[in-house]
Every structure is written in C-alpha cells, then in structure tokens.
Amino acid sequence: MKIGFIGLGNMGAPMAANLARAGHDVTGFDMADVSVEGVEMAASAADAAKGAQVVVTMLPNGDILRRVAAEIIPAMDKGAVFLDCSTVDVGSARDVAADAQAAGLSALDAPVSGGVGGAAAGTLTFMVGGDEAGFSIARELFDIMGKKAVHCGPSGNGQAAKICNNMILGATMIATCEAFALADKLGLAREAMFDVVSTSSGYSWSMNAYCPAPGVGPKSPADNGYQPGFAAELMLKDLRLSQQAAEAVNADTPMGAAAMALYATFVEEEDGKGRDFSAMLPRFETRGRG
Ligand code: NAD
C-alpha cells in the first residue's frame, strides 16, 4: 500500500518503521528534522499525503490535528483513508472526520494504548471510530502496528473509548498507590498487600500488571526508578480530555475530576513531570493527611 505518515515522534516513528519493514511504501513528514528507517521524507504534509491510499497522523493534540487535516484533506485522493492515531478531544476527532467525509474520504479515529514499547514491538491496541469501509482497508495496517483493533462505532468513538479507559486507569492507579501508602503506615508488608489484593476484589491492572511498589509483583516502572513507562503528564493529558468530554455531554465524573486535579498538582507543582504515572506511590509515602 502507498501510505503517508505525518507526525514521526516517539510513537509515530516506530509505527511508520514497522509499516515500511512490512513492505509498504511509506512517505513521511514531520515539522522536526527526523529520519526513520525505510521511510522516504516529503517536503510537506500535503506532499506526504498525495497519492496515498491511507494517510496516518500521529500528532500531539486536537488543534494540531485540525491544522494538518486542513492541509492534507484537499491533497488526498477520493476514496483514500484518513487514519488519525493521535489522542485528541472527541470534538476535534468528529469535526475532522466530517471534513474528510465531505471530501470523499474515509475517516477513522484510532487512538492507541501500549506506549512507546508497544509502538516499537508492533503490539499496540487500536480503539477505532469511523466507517466500516475504512476499517476494513486499515485492518491490515492495524495488524502490523498492533495486536488488536476494536471497532467501537462511528467517528469519535475511538477517542471516547480511550479516554474512558484512561479515566479508569488514572483513578485506579491513585487508589492503588494511596492504599499501599496506608498499608505501610498500618505496618502491612507490601508483599503481603500485593498477595492479598492481586487475588481479591481490589485487583486491577494497576495492581496486578503494573504494580506501583518496587520489588513487588511483575517488573514495572517502579523497578526502574519510575522512569516512564507512561509518563504522568500523558496521564494528565488524557484525564483532561476525559473531563472536557464529560463537560460537553453533562456527565457526572467525580472520580475522574479528582484524578485529574491530583495529576495536575503532581505534574505542575510537584516532581511528577517526566516520571511514570505510578510515581504517585512515592508521592503518597511522604505525606500525611494535612
Ligand atoms: P511526540 O511529541 O513525540 O510526537 C509528535 C510529533 O508530531 C513530533 O515529532 C512533532 O514534531 C510532530 N508535529 C507536531 N506538529 C506537527 C505538524 N504541524 N506537522 C507535522 N508534524 C508535527 O508525541 P508522541 O509521544 O509520539 O505522541 C503522539 C500521540 O500519541 C499523542 O497524541 C499522544 O497523546 C499519543 N500517545 C502517546 C503515547 C506515549 O506513550 N508516548 C501513548 C499513547 C498515545
């Protein structure tokens, strides 16, 4: 397939490299001066998009996506697929999809989970909104870049699934960390805490697969000095998107709002920036109620 790939950062570069390695003809563009193995670089986003059957975007936010979309939609061939894999607000995803469809394109919003490690290994999970025709064309690419793609319904539903998932993740990570810090103060060994909770009703992905306590449970960023992993500022971004969406549809999300406020404090006023989002545990360890 002839593929355009715009946004070759931490996630986009390894995803584009995997598509090229699988034999696809990939033309890339990034504002920054980057090179990616197997990917031919174009002089502009429109040049990368011209003649492509699928154009993938992997960009920082909804405003940038809107700007790039305005540039590439007129350059794309009718019937081509606009495949946005960025994490953006549901409103931007739906607006960009409507513009693409009005220009005779298929549009998919397909944010990912799995992080930089999953992008490099080709094991991402894609949560996909958009039409069935586009999904069936892109399926082959999802299989190369990831291990699973779930079609969640019409445009915007991929972003909706992603922010709902990450709102649960942010809240459960905080709950897991505060419970560990309480257990410490009650004199309960972390190993015992893990053994009980990971096999009891408090279990979750945060406890069982990504335990925030070093030396306990499977290997996780806690065992590596809380190097991300999934950085606290990326969790904050997703929690903000969840609250923006909740506001737009008048949904009551008190736990999501509390998680967002705590990650904002951690990232913007404390030492959370650049640390894994599970570094909430050392944050709680040092604090009392006051
Ligand atoms: P990044 O900042 O490393 O990459 C973004 C790239 O987009 C950069 O290379 C930047 O130069 C480029 N860019 C910005 N504006 C552009 C423009 N107008 N035209 C062309 N290129 C432009 O970010 P990332 O970590 O690769 O994340 C990309 C997206 O994936 C984000 O939406 C993020 O929320 C999401 N995501 C990231 C992770 C992760 O662990 N890093 C995990 C899941 C989802």
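As a basis for the values below, the full set of heavy atoms in this structure was taken, side chains included, without hydrogen atoms, waters or symmetry mates. Counting convention: from 1, in listed order, for ligands and their atoms alike.
- Between Tyr210 and Phe277, the ring planes are tilted. Angles from 30° to 60° get that label.
- A salt bridge is defined here as a Lys NZ or Arg NE, NH1 or NH2 lying under 4.0 Å from an Asp or Glu carboxylate O, and Arg190 with Glu285 meets this definition.
- For atom 9 (O) of ligand 1, the closest heavy atom belonging to the protein is Asp30 OD2, 2.7 Å.
- Side-chain atoms of Phe135 and Phe142, non-hydrogen and from C-beta on, do get closer than 4.5 Å to each other.
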**Study point:** salt bridge (Lys or Arg N to Asp or Glu O under 4.0 Å) between Arg67 and Asp63, worked out
**Key:** CA-CA 6 Å; Arg67 260 184 274 139; Asp63 287 342; 5.8 Å; no
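- Residue Val68 holds the heavy atom nearest to atom 18 (N) of ligand 1 of all those in Val68, Leu8, Ile72, Val34.
- Put simply, the residue from Leu108, Leu105, Leu141 that forms a side-chain contact (heavy atoms from CB on, under 4.5 Å) with Val81 is Leu108.
- In the vicinity of Gly115, heavy-atom distances shorter than 4.0 Å reach the ligand 1 atoms 40 (O), 42 (C).
- Considering backbone and side-chain atoms alike, Ser86 places every N or O at 3.5 Å or more from each N or O of ligand 1.
- Only one option out of Ile64, Ile72, Thr27, Val56 pairs with Ile6 in a side-chain contact (heavy atoms from CB on, under 4.5 Å); it is Ile72.
- For atom 4 (O) of ligand 1, the closest heavy atom belonging to the protein is Gly9 CA, 3.3 Å.
- No hydrogens or angles considered: a donor-acceptor pair under 3.5 Å links the side chains of Thr253 and Gln243.
- Within the 4.5 Å cutoff, no side-chain heavy atoms of Glu71 are placed close to those of Val68.
- Between Glu270 and Arg287, at least one side-chain N (NZ, or NE/NH1/NH2) sits under 4.0 Å from a carboxylate O, which counts as a salt bridge.
- Contacts of Pro60 with ligand 1, taken as heavy-atom pairs under 4.0 Å, involve both backbone and side chain.
- Each of the following atoms of ligand 1 lies closer than 4.0 Å to a heavy atom of Leu59: 7 (O), 13 (N), 16 (C), 21 (N), 22 (C), 28 (C), 29 (C), 31 (C), 32 (O).
- Neither the backbone nor the side chain of Arg67 has any atom closer than 4.0 Å to an atom of ligand 1 (non-hydrogen atoms only).
- Of the protein's non-hydrogen atoms, Met31 CG, 3.3 Å is the one closest to atom 19 (N) of ligand 1.
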Exercise for review: Decide yes or no on salt bridge (Lys or Arg N to Asp or Glu O under 4.0 Å) for Glu247 and Arg240, but give the supporting numbers first.
Suggested key: CA-CA 11 Å; Glu247 232 163 74; Arg240 283 192 165 133; over 6 Å; no
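- Near Lys162, meaning under 4.0 Å from any of its heavy atoms, are these atoms of ligand 1: 43 (C), 44 (C).
- Nearest protein heavy-atom neighbour of atom 15 (N) of ligand 1: Ile64 CG2, 3.5 Å.
- The presence of a protein heavy atom under 4.0 Å from atom 34 (O) of ligand 1 is confirmed.
- Per-residue contacts place Lys237 under 4.0 angstrom from the following atoms of ligand 1 (heavy atoms of the residue considered): 31 (C), 32 (O), 33 (C), 34 (O).
- For ligand 1, the polar-atom distance check finds no N/O of Asp238 at less than 3.5 Å from any of the ligand's N/O atoms.
- For atom 26 (O) of ligand 1, the choice among Met235, Glu71, Met11, Met15 with the nearest heavy atom turns out to be Met11.
- Within the listing of ligand 1, atoms 7 (O) sit less than 4.0 angstrom from a heavy atom of Gly7.
- Counting atoms of ligand 1 from 1 in the listed order, those under 4.0 Å from a heavy atom of Phe29 are 19 (N), 20 (C).
- Nearest-heavy-atom check against atom 3 (O) of ligand 1 across Thr125, Ile6, Asn10 picks out Asn10.
- For Asn61 and Arg66, the side-chain atoms include no donor-acceptor pair closer than 3.5 Å.
- Closest to atom 30 (O) of ligand 1, if we only count protein heavy atoms, is Met58 CE, 3.1 Å.
- Under the 4.5 Å side-chain criterion, counting only non-hydrogen atoms from C-beta, Pro111 is not in contact with Phe126.
- His24 has its side chain within reach of Glu140: a pair of non-hydrogen atoms, C-beta onward, lies under 4.5 Å apart.
- Considering backbone and side-chain atoms together, Leu234 places no N or O closer than 3.5 Å to any N or O of ligand 1.
- Distances between N or O atoms of Thr87 and those of ligand 1 include at least one value under 3.5 Å.
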